[in-house]
Amino acid sequence: MDFYKRALELNEDSIKNRRYIHQNAEVGLELPRTKAFVMEKLREYGLEPKECGHGVTAMLGRGGKVLLLRADMDALPMAEESGLDFACPTGTEAHCCGHDLHAAMLLTAARMLKEHESELKGRIKFMFQPAEEIFKGAADMINAGILENPKVDAALGFHVAPGRLPQHLIAYNSKGALMFSVDGFKITVHGRGAHGAYPHLSVDPINVAAHIIINLQALLARETDPTHAAVLTIGQISAGTVANVIPETATIQGTMRNNNKETRNRLLERLKEVAAQTAKVFGATAEVEMISEVPPLIGDPEFTDEIASYIMEQSIPGLVAKNDVSSNASEDFALVVDRVKGTFINISAGFEDERGNYPVHNPKVQFNESVLAFGAASFAHSAVQWLKNNELK
């Protein structure tokens, strides 16, 4: 089956689906309009969708191994400035990361795979996920059983990439981490308040917070293997209401990211120790709350190369592949890949003209809709080939 040819035949519907989701952007776990639309389309295509946590799932095939295909479908809490006539009108939500394209591609892939369900050498489970941008959607669907009943044997996800890129480019990593971990944290320092004229009567939480921030940076400078990339950023600090009063508490919020699981685990342990012990030196206490906990996205090497080979064997003009690609950004599909064999592949939705001037999360970003047929075909073709070639393994 030439899935790319079929995807081109269905491209008008793919574009309509993408633009509906784009114009009706929603953020977080609760995506009522988006979820209802996805379920309506799946039923229209002959599938039987079900809610799974705050997301949507559906199944195709009977017996055999199970391959999970995943697309996220949430937007960002920001205004859109793309100038497109189907831009989200709210001014508070925008699909500036491309999740609307992911959902549309997977809908078309589901439609094509349903047309060939009798030929499948196994089963396909679809995962339409909310809340990727806040790193809660994958965990939500995992906790709701997306990887069980039937148990998933392997998982595949795509992410579109805007910018100055050629069409039909894939970028992946079968040698290491494609994307970094993300551990968001909030440290609350509890001290003792006092008048600013009498600092000796206080335990100043602002002073303690400042020392914690400095000491945390030493974790990277002196406790991290230089060959393991790591990032620790403090993006928010809050304390006090007036200039002449020492407050009771101070809060620090930040994010830590790296590309090595062992390094991540050690740094997380040390982050909590440094916060608590630094506070103790000054007679204060510090509580560490983890806001997000996502490991680095490290695909199974053999499976990654196998999926890349299926994509590249399609009869699609100008196919280009780049291996050993890595990004400091993070993606909660890592929680799936951490539990089952899987991989994640970036596919170009870029332009080679001025429309490619903006990256993801920029309010002016645009995505090349030619990726819809490419992505849908790659989902479908890879799924069919993997099930066929792994039926007896």
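The chain is numbered in sequence order, starting from 1. In this text the structure is predicted, and so the values were computed from the model without any measurement.
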Original post:
Which atom names give the shortest non-hydrogen contact between Pro49 and Met39, and what distance separates them?
Top reply: CG-O, 3.5 Å
**OP:** Taking all non-hydrogen atoms of both residues into account, name the closest pair between Ser174 and Asp305 and its distance.
**Re:** OG-OD1, 2.9 Å
Original post:
Do the charged groups of Glu269 and Arg266 touch, with an N to O distance under 4.0 Å?
Top reply: no
Original post:
So, do Trp386 and Leu156 sit near enough that their side-chain heavy atoms are less than 4.5 Å apart?
Top reply: no
**OP:** Give a yes or no on whether the backbone of Ala177 and the side-chain of Ser326 come within a donor-acceptor separation of less than 3.5 Å.
**Re:** yes
**OP:** Using the salt bridge (charged side-chain N to carboxylate O under 4.0 Å, His left out) rule, pick out the option among Arg355, Arg19, Lys16 that qualifies with Glu369.
**Re:** Arg19
Original post:
Taking the side chain from Asn143 and the backbone from Ala139, do they hold a donor-acceptor pair closer than 3.5 Å?
Top reply: yes
Original post:
Any chance NZ of Lys121 has more than 12 other-residue heavy atoms, nucleotides or ligands included, within less than 6.0 Å?
Top reply: no
**OP:** Go through the side-chain N and O atoms of Asp332 and Gln129 and say whether any donor and acceptor fall under 3.5 Å apart.
**Re:** yes
**OP:** State whether the side chain of Ser181 and the backbone N or O of Asn258 hold a donor-acceptor pair below 3.5 Å, judged by distance alone.
**Re:** yes
Subject >> Asp140 (side chain) donor-acceptor with His54 (main chain) under 3.5 angstrom >> reply: yes
Original post:
Between Thr255 and Val182, is any pair of side-chain heavy atoms under 4.5 Å apart?
Top reply: yes
Original post:
Parallel, tilted or perpendicular for Phe282 and His211, by the 30°/60° rule?
Top reply: tilted
Subject >> Qualifying residues under side chain to side chain donor-acceptor pair (under 3.5 Å), relative to Lys50, sequence neighbours excluded >> reply: none
Subject >> Which atom of Tyr310 lies closest to which atom of Asn389, heavy atoms considered >> reply: OH-ND2, 2.9 Å
Subject >> Least distance between heavy atoms, Tyr45 atom then Lys114 atom >> reply: O-CG, 3.2 Å
**OP:** Could you list the residues that satisfy side chain to side chain donor-acceptor pair (under 3.5 Å) with Ser202, not counting sequence neighbours?
**Re:** none
Original post:
Quick one: does Leu335's side chain get under 4.5 Å of Ile142's, heavy atoms only?
Top reply: yes
**OP:** For Ser378 and Gln314, run side-chain hydrogen bond (donor to acceptor under 3.5 Å, both in side chains): C-alpha distance rounded to whole Å, both residues' side-chain angles, the deciding distance at 0.1 Å, then the answer.
**Re:** CA-CA 8 Å; Ser378 296; Gln314 297 179 95; 3.1 Å; yes
**OP:** Report yes if the distance between the aromatic ring centroids of Phe3 and His116 is under 6.0 Å, otherwise no.
**Re:** yes
Original post:
side-chain contact (heavy atoms from CB on, under 4.5 Å) with Val203: which residues, sequence neighbours excluded?
Top reply: Arg192, Ala284
Original post:
Salt bridge or not for Arg43 and Glu40, using N-O below 4.0 Å?
Top reply: no
Original post:
For Glu48, does the CD atom have more than 12 heavy-atom neighbours from other residues, nucleotides or ligands under 6.0 Å away?
Top reply: no
**OP:** Check whether any side-chain heavy atom of Asp183 sits under 4.5 Å from a side-chain heavy atom of Arg264, and report yes or no.
**Re:** yes
Original post:
Charged N to carboxylate O below 4.0 Å: is that the case for Lys393 and Glu302?
Top reply: no
Subject >> Lys65, NZ: over 12 other non-hydrogen atoms inside 6.0 angstrom >> reply: yes
Original post:
Are Glu80 and His22 linked by a side-chain donor-acceptor pair shorter than 3.5 Å?
Top reply: yes
Subject >> Minimum-distance pair of heavy atoms, taken over all atoms of Leu147 and Lys125 >> reply: C-NZ, 4.3 Å
Subject >> CA sep, side-chain torsions, deciding dist, call: Thr278, Asn215, side-chain hydrogen bond (donor to acceptor under 3.5 Å, both in side chains) >> reply: CA-CA 8 Å; Thr278 302; Asn215 290 343; 3.1 Å; yes
Subject >> Nearest heavy atoms of Leu67 and Ala155, plus distance in Å >> reply: CD1-N, 4.0 Å
**OP:** Output yes when a side-chain donor or acceptor of Glu93 lies under 3.5 Å from a complementary backbone atom of Cys88, and no otherwise.
**Re:** no
**OP:** Determine yes or no for a side-chain-to-main-chain donor-acceptor pair under 3.5 angstrom, with Asn368 supplying the side chain and Ser348 the backbone.
**Re:** no
**OP:** Using atom types as modelled and distance alone, determine if a side-chain donor or acceptor of Thr224 lies under 3.5 Å from a backbone N or O of Leu219.
**Re:** yes
Subject >> side-chain hydrogen bond (donor to acceptor under 3.5 Å, both in side chains) between Asn390 and Glu306, worked out >> reply: CA-CA 11 Å; Asn390 290 271; Glu306 185 178 3; 3.0 Å; yes
Original post:
Under 4.0 Å between a Lys/Arg side-chain N and an Asp/Glu carboxylate O for Asp153 and Lys151?
Top reply: no
Original post:
Stepwise, does the side-chain hydrogen bond (donor to acceptor under 3.5 Å, both in side chains) test hold for His190 with Glu248?
Top reply: CA-CA 6 Å; His190 298 275; Glu248 293 280 333; over 6 Å; no
